[in-house]
Visitor: 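Handing you a structure now.
Each ligand, and each atom within it, is numbered from 1 in the order the structure gives. Not measured: the values here are computed from a predicted model.
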Amino acid sequence: MPHYCCRCGHHPLVRRVPDGDTHERDCCSTCGYIAYDNPRVIAGAILEREGRLLLCQRGIPPRVGTWTLPAGFMERGESVEETAHREVWEETGIHAEILTPYSIFSVPPTNELYIIYRARLLGWNDAPGHETQAVDWFRAEEIPWDAIFYPAIRQILERYIDEHAGGTYGIYTGSMESGTIHFMR
Ligand SMILES: [Zn+2]
């Protein structure tokens with residue numbers, strides 16, 4: 001959190017529960033500004049084509065060289081589906097149709113909410129953006145499991161591979177450690 005008020009520049013901010021509020025916030029005693037620090041939304045997608053899953057390899061720090069699903073922070077003015085679509089486009093050069101939610105999980109330690117959709121390939125025309133070193137489609141047995149940094153992403157891939165075999169996809173909701181898989185009937 002910033003220690004200076006981003007409205008008037010006063011410092012330090014005071015940690016207290018504002019009148020009528022329920023949580024402690026960083027508050028400016030000069031201008032009354034309250035620095036809310038609510039979770040940030042990260043959206044992305046899992047795409048499959050002929051039994052292969054799309055992964056991208058990080059080209060910028062942190063963790064250059066590790067593989068992950070295309071995903072990134074929601075921008076002001078976007079819907080979460082638009083974020084997932086844009087991130088797939090920016091990180092892989094792929095134009096995707098965003099389908100159903102696949103995994104919605106909170107990460108309280110980093111103050112983040114991840115929303116990963118299933119998506120369908122519509123086409124690809126562009127080279128991946130500068131944040132991506134490489135983009136590739138992997139069969140289950142080809143996935144570079146040791147180079148996937150986030151356990152939650154590994155779990156999404158493992159579950160997708162299992163469910164793909166049966167042709168029915170659930171929706172996970174919970175935290176990165178524990179949650180529930182819901183199946184639509
Ligand atoms: Zn202030």
Side-chain angles (χ1 to χ4, degrees), residues 1-46 55-96 98-119 126-133 135 147-156 171-180 182:
M1 286 302 294
H3 297 292
Y4 290 82
C5 175
C6 68
R7 186 197 280 166
C8 77
H10 176 80
H11 101 110
L13 299 177
V14 180
R15 192 82 183 155
R16 64 176 183 83
V17 179
D19 291 346
D21 203 337
T22 51
H23 288 66
E24 281 195 340
R25 321 278 183 194
D26 287 336
C27 302
C28 177
S29 56
T30 300
C31 76
Y33 179 78
I34 301 169
Y36 292 96
D37 185 24
N38 298 104
R40 294 168 297 171
V41 176
I42 294 165
I46 182 164
L55 294 175
C56 47
Q57 187 178 33
R58 290 185 59 84
I60 56 164
R63 299 177 298 279
V64 171
T66 58
W67 290 83
T68 191
L69 295 172
F73 290 107
M74 194 172 178
E75 300 285 358
R76 189 178 292 268
E78 277 182 335
S79 71
V80 66
E81 293 83 0
E82 287 168 345
T83 304
H85 180 269
R86 176 181 54 74
E87 289 290 339
V88 170
W89 176 259
E90 288 178 2
E91 297 192 351
T92 69
I94 282 173
H95 184 41
I98 303 300
L99 302 171
T100 56
Y102 191 60
S103 188
I104 301 172
F105 62 97
S106 310
V107 187
T110 56
N111 205 20
E112 291 168 344
L113 169 67
Y114 281 75
I115 302 179
I116 305 294
Y117 288 87
R118 286 197 304 120
D126 260 32
H130 74 289
E131 295 182 5
T132 307
Q133 200 170 93
V135 174
I148 293 172
F149 179 77
Y150 294 106
I153 298 296
R154 212 173 299 141
Q155 286 157 16
I156 289 171
I171 299 171
Y172 176 91
T173 58
S175 71
M176 61 186 294
E177 286 92 13
S178 66
T180 307
H182 309 269

Visitor: Could you check whether the rings of His11 and Tyr4 sit parallel, tilted or perpendicular, using 30° and 60° as the cut-offs?
Guide: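 His11 vs Tyr4 ring planes: parallel.
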Visitor: Distance from Asp26 atom CG to His3 atom NE2, nearest 0.5 Å?
Guide: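 That separation rounds to 8.0 Å.
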Visitor: Classify the ring geometry of Phe105 against Tyr172: parallel below 30°, tilted from 30° to 60°, perpendicular beyond 60°.
Guide: perpendicular
Visitor: One thing to verify: whether Glu90 and Arg86 come together as a salt bridge, which I'm taking to mean a side-chain N less than 4.0 angstrom from a carboxylate O.
Guide: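 Salt bridge present between Arg86 and Glu90.
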Visitor: Look up atom CD1 in Ile115 and atom CD1 in Ile98, then write down how far apart they are to the nearest 0.5 Å.
Guide: 12.0 Å
Visitor: Working to the nearest 0.5 Å, report the span between CD of Glu81 and CE of Met74.
Guide: 8.0 Å
Visitor: Return the number of protein N, O or S atoms with a distance to the Zn ion (ligand 1) smaller than 2.8 Å.
Guide: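 Near the Zn ion (ligand 1), the number of protein N, O or S atoms below 2.8 Å is 4.
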